[in-house]
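This report refers to the structure that appears directly beneath it.
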Amino acid sequence: MDILEEGKGELLGFHDPDEHRAWIAANKSAALVDKRTTVKEAVERFIPDGSYVASGGFGHIRVAMSVIYEIIRQKKRNLAIAGKTAVHDLDTLIGAGCVSKVEAAYSFGHELRGLSAAGRRAVESGKVKVVAETSNAGYQWRFLAGMMGVPFVAARNLLGTDTLKYSSAKSVTDPFTGKPVTLIPSANPDVVLMHVPRCDKFGNCQIDGILIMDYELARSARRLVVTTEKIIEEAEIRREPWRTVIPYMYVDAVIEVPHGSHPCQMPYLYFFDEEIIGEWMSVSKTDEGAERFFDKYVYGVKDFAEYLELAGGAKKLEHLRRVEALEERMRAPWLDRKKE
Amino acid sequence: MDILEEGKGELLGFHDPDEHRAWIAANKSAALVDKRTTVKEAVERFIPDGSYVASGGFGHIRVAMSVIYEIIRQKKRNLAIAGKTAVHDLDTLIGAGCVSKVEAAYSFGHELRGLSAAGRRAVESGKVKVVAETSNAGYQWRFLAGMMGVPFVAARNLLGTDTLKYSSAKSVTDPFTGKPVTLIPSANPDVVLMHVPRCDKFGNCQIDGILIMDYELARSARRLVVTTEKIIEEAEIRREPWRTVIPYMYVDAVIEVPHGSHPCQMPYLYFFDEEIIGEWMSVSKTDEGAERFFDKYVYGVKDFAEYLELAGGAKKLEHLRRVEALEERMRAPWLDRKKE
Amino acid sequence: METKGYTENELLISVASKLLEDNTSALVGTGLPMLAGMLAQKTHAPGLLIIFEAGGIGAQIPTLPISVGDSRTFHKAVAASSMHDVMSFAQAGYVDFGFLGAAQLDKHGNINTTVIGDHDHPKARLPGSGGANDVGSFARRTIIIIRQDKKRLVEKCDFVTTPGYLDGEGARERAGLPKNSGPYRVITQLGVFDFGGKGKTMRLIAMHPGVTVADVEAATSFEIEVAPSLETTTPPTAREIEILHREIDPAGIVLKK
Amino acid sequence: METKGYTENELLISVASKLLEDNTSALVGTGLPMLAGMLAQKTHAPGLLIIFEAGGIGAQIPTLPISVGDSRTFHKAVAASSMHDVMSFAQAGYVDFGFLGAAQLDKHGNINTTVIGDHDHPKARLPGSGGANDVGSFARRTIIIIRQDKKRLVEKCDFVTTPGYLDGEGARERAGLPKNSGPYRVITQLGVFDFGGKGKTMRLIAMHPGVTVADVEAATSFEIEVAPSLETTTPPTAREIEILHREIDPAGIVLKK
């Protein structure tokens, strides 16, 4: 099983599985204890400067934005971010100067809406380094290996490309077929942030709709901070135990944050707030504009509830609920501009 | 990445992923078509002699027993069986002379109830060969690799044991840590049999309770035969799409067979029929006894419904429902004998 | 192009949709591929299975999603699953069609969506692979949609994000990529290409109405092979345009420019 | 043993239960380990998390399961998941205690549950590893329960199904097994052993009431080391026996002999 090629990307979040086991033994517990806290405390306690952070969800979907804003508020620095279809989370963190490294699967873009001004500016100026490239499946399987406690997962992507050359993966000759195969190294992020529709106070989480990478990502995490639309009773969890996507043993902090994914989408609950996303995309074209955005929406408010008020309050939230429920059409500045 | 050790077990169900892809391209379809058929036709069509067969569920839980009995009825021969905690299924198939090879994780036992007379006799006399050993996780991960379309999954079990020596796995030096790691080869069984509580006519399946290995096993299958307690409307599937454990694209045949797991358990619906299991364990101590069991319960009946009548009919089924719902205590000959 | 009765986007969508066969599966992104898939479902391929990388399988899409993981991508789906599930499905060989966009494309169908200039000191940073490398590695037939000009159809990509035929015949297999996979067609605003050119290179097989070979050559940095029998694509019908605007993207998320 | 006021099974269960610490996790099979876990929960370790390999996590077990995948193993559980999930949990280092039975056990804690005699021409075929190899590979501390005699405690297993300390100090790590894992205690009808003997071998650390070192030696095929301070185990209390019979196994599935 000869090594054919070794990517030169930095092995972000890789731990020898024995070292990870030792960390788990020393830091995680099977105790069923109340893990409720505040976003402020969770960020203070679990996200030191320099952490390797991964966000649950995907793009602008199911993102723990209250935690992202709190990281900005606490001026965390030198974070390494898993650019696993990281969009508004990564872009605002970069815009606020919290980030020094990114491993990019999909980063620096807002999907259909356009590219990220802040993210691209930071990378092009050298302020943020892309230390490794991978693909979405590449990231997915880094977390699968991390969850499984093995050093790598075999895959057939990345081969033959510069993505492999700049990744942290290796290609080897598979001893079963004699053909080249990629070995995707495990990742155990220092902190994973997730927003879920409901969980109990111990951290047993249910998620509606697609899981994206979150099943594996939650299990690969060292620290897992969960915000939730609603804290429900333990009995409700136990009534349908097959609905528990993340059991409590992985969870370190639970915080009830209604609309905690805003301005991102929460499936079945509320749509993207394209107005806020659009505002960010527009003002973040300059550092000064980004700073004004944070002055207004992060530094200028004491918590997430006050931010939601600024973003339009109950009326806006009702609108987003109705758009998600297909009862109203979305409003989007980038769409309005198209009309002109 | 030197090869440290190569198990001498037979590589049952292993296919070069390219060969498997070609098979999939030629034989599977994304068409949403009605796949309802009969157990008889499904066995005739999808289970030729010599097939490598794996059963869903676990032990005596959620097993497609109507298909197992039909395999016996049609006198299929030289099957290779995945002994992935195979219990009543494997034991009766061996007792009926259908099996020539087993890869054993857990085989030849009935858990707390005792050992399998038929299975052990066949192996000890050389009629059935155990061509490879593995563990439960070993089998689980063979199917994970099979689902993923990769030749192997890395793991840290089997190492240092005779189980590895007699397995189809290899151990190599992991290029990331320099430590030995096991490579568990993929499996794509020729046929997988599953019994589910409900699915639609296309094969979109829901399962209540633990999945055991069935998520990965269903996806690793070449042919997937599903029996179900109840066929439900497509609209019901689409209302909660996150409940679809197996989407239709993997499924080749759908058959509605109420109580189709009997005498095995169906979580939330009915308990083990310990009387039938006990009868089998007792009579299967001789080949003649096993033959009498099949004469009575398989060859002597025209279908599964008639078998259920023989096993006690509506009254028995109601008892099993009540035991499962914790409303009645179970009856078990092996437990009665303990009292004496 | 409005004078022709259809826009460039409508043309690209219509041409792409016709490549999708009934009762096959397509792993699509949002934007043009999504519209092509939905249009195919509403015309000649009602049995087309549309899959999204984030986990949506076989949705009854009510209104155009604006993200690959948006709740519209699993609205009344047959399954709302995960990326691990969908990517495994693709890797194991279940995906017939994949779609890719590109910032740069070379003659072998290799794609750059990562960076313009040097990787570590980029002139322009792009989003990266996303699911593109996976789609390009796993799907049996990949359709590339790109607005072509000399800066986009290049002799050599600054960075190969996603594999096409790499450096030619047999190169994918030598690299370990799955057999019987790779770029199938390239659709641009000028025409359609396959990879029947020498050593698995792009070959012009059809041009949109009114386009000349010289137009294509003028918008390509490498020498382009031309198929012996060059076809003209069928422009979108009024019915297709109506479906696109009335049923698929009434808000104009993609259709408006 | 009835004259002592408790049966052998009650003794084994009680002694095993005391090894389980509160707020830890235990991956258990049915039978004695299950009863030990449930007894621990109902006495000194209410926070013990019981996990089953087939996917049951943290059930409120209503009545003794008769199989590892039985619906009782996920009755009102915190999660009903899968073997992939539970085995990954164990492999990643989240499982504190594992339980194993054995047909043969050697002095290093290596276990045979596969075959007596030659593998390909067996004198007696046994079920095989099941989850045992996995538990023995992954759990931080494995507790082995076995009825000891000279045919069971052997110099060399006919087949090593599940790793103990293999051939001694450092052998697990050399083989690639996870660090800080392996056999923790052996509990037999005669006493309790740890692996503090020379080169990671079984060492007698406690005997049940009325047992002598000579009894232990007479029931072991290899030379056994004896700890300097040999303890006597505490027999099951009347309260424990009551809990076992009233609350845990009223049907006598395991408790009846």
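We name chains A, B, ... by the order of the sequence lines, and we start the count at 1 in each one. Bear in mind that the values here come from a model prediction, so they are computed numbers and not experimental data.
- In terms of non-hydrogen atom pairs under 4.5 Å with chain D, the most contact-rich of B:Leu4, B:Leu144, B:Leu158, B:Leu164 is B:Leu158.
- Ranking B:Gly109, B:Pro267, B:Ala104 against chain D, the residue ahead of the rest is B:Pro267, based on heavy-atom pairs under 4.5 Å.
- Side chains of B:Asn157 and D:Gln91: no donor on one and acceptor on the other come within 3.5 Å.
- Interface remark: B:Arg113 contributes side-chain atoms only to the contact with chain D (heavy atom separation under 4.5 Å).
- Closest of all the heavy-atom pairs between B:Asn136 and D:Gly131 is ND2-N, 3.2 Å.
- Ranked by non-hydrogen atom pairs under 4.5 Å with chain B, the options D:Thr63, D:Leu166, D:Ile66 are led by D:Ile66.
- Looking at every heavy atom in both residues, D:Arg72 comes nearest to B:Val323 through NH2-O, 2.8 Å.
- For B:Tyr166 and D:His119, the gap between ring centers is short of 6.0 Å.
- Salt bridge status for D:Arg125 with B:Glu133: present, with a side-chain N to carboxylate O gap under 4.0 Å.
- Counting only heavy atoms from C-beta outward, the side chains of D:Met83 and B:Tyr215 never approach each other to under 4.5 Å.
- Between chain D and the options B:Glu216, B:Arg329, B:Glu111, B:Glu5, heavy-atom pairs under 4.5 Å are most frequent for B:Glu111.
- In this structure, the portion of D:Arg174 lying under 4.5 Å from any heavy atom of chain B is its backbone and not its side chain.
- Looking at D:Phe138, only its side chain comes within 4.5 Å of chain B, counting heavy atoms on both sides.
- The most heavy-atom pairs under 4.5 Å with chain B, out of D:Ala124, D:Pro62, D:Ala90, D:Ala171, come from D:Ala124.
- Counting heavy-atom pairs under 4.5 Å between each of B:Ala137, B:Gly83, B:Gly57, B:Gly160 and chain D puts B:Ala137 at the top.
- At a threshold of 4.5 Å between non-hydrogen side-chain atoms, the residues D:Phe159 and B:Thr163 count as touching.
- Contact count versus chain B (heavy atoms, under 4.5 Å) is highest, among D:Ser137, D:Ser67, D:Ala132, for D:Ser67.
- The residue among B:Gly209, B:Ser171, B:Gly138, B:Gly59 with the most heavy atom pairs within less than 4.5 Å of chain D is B:Gly209.
- Side chains of B:Glu324 and D:Ser71: a donor-acceptor N/O pair is present below 3.5 angstrom, by distance only.
- Of all the listed residues (B:Lys165, B:Arg120, B:Glu124), the one sharing the greatest number of non-hydrogen pairs under 4.5 Å with chain D is B:Glu124.
- Looking at B:Tyr139, neither its backbone nor its side chain comes within 4.5 Å of chain D, counting heavy atoms on both sides.
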